[in-house]
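What follows is a set of notes on a single structure, which appears directly below.
Bear in mind that the values here come from a model prediction, so they are computed numbers and not experimental data.
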Amino acid sequence: MKSVYVVEDDANIREIELFALKNSGYRTEGFESASDFLKSVARKKPSLILLDLMLPDMDGITVLARLRANPDTRNLPIILVTARTTELDKVKGLDAGADDYITKPFGVMELISRVKALLRRTEPEKEEKPLVLGDIRLSAANRSCEVAGTAVDLTYKEFELLSLLLQNAGLVLTRDVLMEKIWGTDFAGESRTLDMHIKTLRQKLGAAGSRIKTVRNVGYLADQGGTDG
């Protein structure tokens, strides 16, 4: 579960922010002063910080600068919360290292939307491992296919079809499921389209094409236990 630190000296606003975030599934912790917040963030880093610009013991811009200067907190996602509405104030906050800002008064839905959007942008991309079955190697990162180390040129639909079969290796995928996943529910063509794609896919894969098995009157599967050839 992702966690959000709320740094806000106004108790009413802080409670509203904490309540909204908790209801949206986040762990939360609230701070009314910069000093308490900085002590806590040194012990444990949150997933995101909501930082008020006007704090009783330290200006929000100063807090932001300290966080960005520290290697341990340099990359933490930070949304600056400000009652100042001039463009200059917003620019100062962004230049100081804020990832986003929200202006008081704000709606709860807008707050949650901005938190979700920033977390999506700052999440590290998951490195997708290549799908491997026998001599077949399929890489989603660069949409490439190899058989025994030799590149195989697949069309977009052939790649998607083979990828779906390999992701579910050993399981029978019905014709209806394959048609819906690859061509969509609104596809007007006949299921012979699927058969033709399976045929050309097998041809392009050569000996490894024998891995794609037909389950009569049901669908197709990628055979985990077979051999290439």
ILVMFWY clustering at 4.5 Å (side-chain atoms), partners of Val172: Val215, Val218, Leu221

Which atom of Leu178 lies closest to which atom of Trp183, heavy atoms considered: O-CE3, 4.0 Å

N/O donor-acceptor pair under 3.5 Å between Ser113 side chain and Met109 backbone: no

Crowding at CD, Glu160 (>12 non-hydrogen neighbours, <6.0 Å): yes

Enclosure of Phe106 CZ (heavy-atom neighbours >12, cutoff 6.0 Å): yes

Flag, side chain of Ser40 to backbone of Phe37, donor-acceptor distance under 3.5 Å: no

Any Leu48 side-chain heavy atom under 4.5 Å of Tyr26 side chain: no

Exam field: side chain Arg137 to backbone Pro130, donor-acceptor pair closer than 3.5 Å: no

Heavy-atom neighbours of Arg143 CZ exceed 12 at 6.0 Å: yes

Donor-acceptor contact present, side-chain Thr122 to main-chain Leu118, <3.5 Å: yes

Shortest non-hydrogen contact between Val108 and Ala20, atoms and distance: CG1-CB, 3.4 Å

Neighbour count above 12 (heavy atom, 6.0 Å) for Asp72 CG: yes

Val81 vs Leu111, side-chain contact (heavy atoms from CB on, under 4.5 Å): CA-CA, chis, key distance, verdict: CA-CA 10 Å; Val81 182; Leu111 172 68; 5.6 Å; no

Exercise: identify the closest heavy-atom pair between Tyr5 and Pro46: CD2-CG, 3.5 Å

Test side-chain contact (heavy atoms from CB on, under 4.5 Å) applied to Lys44 and Glu29, step by step: CA-CA 11 Å; Lys44 185 176 181 181; Glu29 194 166 344; over 6 Å; no

Smallest separation among heavy atoms of Gly60 and Leu51, with atom names: O-CD2, 3.6 Å

side-chain contact (heavy atoms from CB on, under 4.5 Å) partners of Ser47, counting only residues at least two apart: Lys2, Ser3, Leu119

Side-chain donor/acceptor of Lys213 to backbone N/O of Ser210, under 3.5 Å: yes

Pair Arg202 + Glu158, salt bridge at N-O below 4.0 Å: no

Test log, rule side-chain contact (heavy atoms from CB on, under 4.5 Å), inputs Asp99 and Ile79: CA-CA 6 Å; Asp99 297 288; Ile79 298 177; 5.8 Å; no

Donor on one side chain, acceptor on other, Tyr220 and Asn168, under 3.5 Å: no

Side-chain touch Val6/Leu21, heavy atoms, less than 4.5 angstrom: yes

Electrostatic pair Asp52-Arg14, nearest N-O below 4.0 angstrom: no

Taking every non-hydrogen atom, the tightest pair across Cys145 and Leu138: CB-CD1, 3.5 Å

Exam field: side chain Lys204 to backbone Asp153, donor-acceptor pair closer than 3.5 Å: yes

Shortest non-hydrogen contact between Pro56 and Asp9, atoms and distance: CD-CB, 3.6 Å

Exam field: side chain Arg68 to backbone Leu76, donor-acceptor pair closer than 3.5 Å: yes

Over 12 non-hydrogen atoms of neighbours within 6.0 angstrom of NZ in Lys181: no

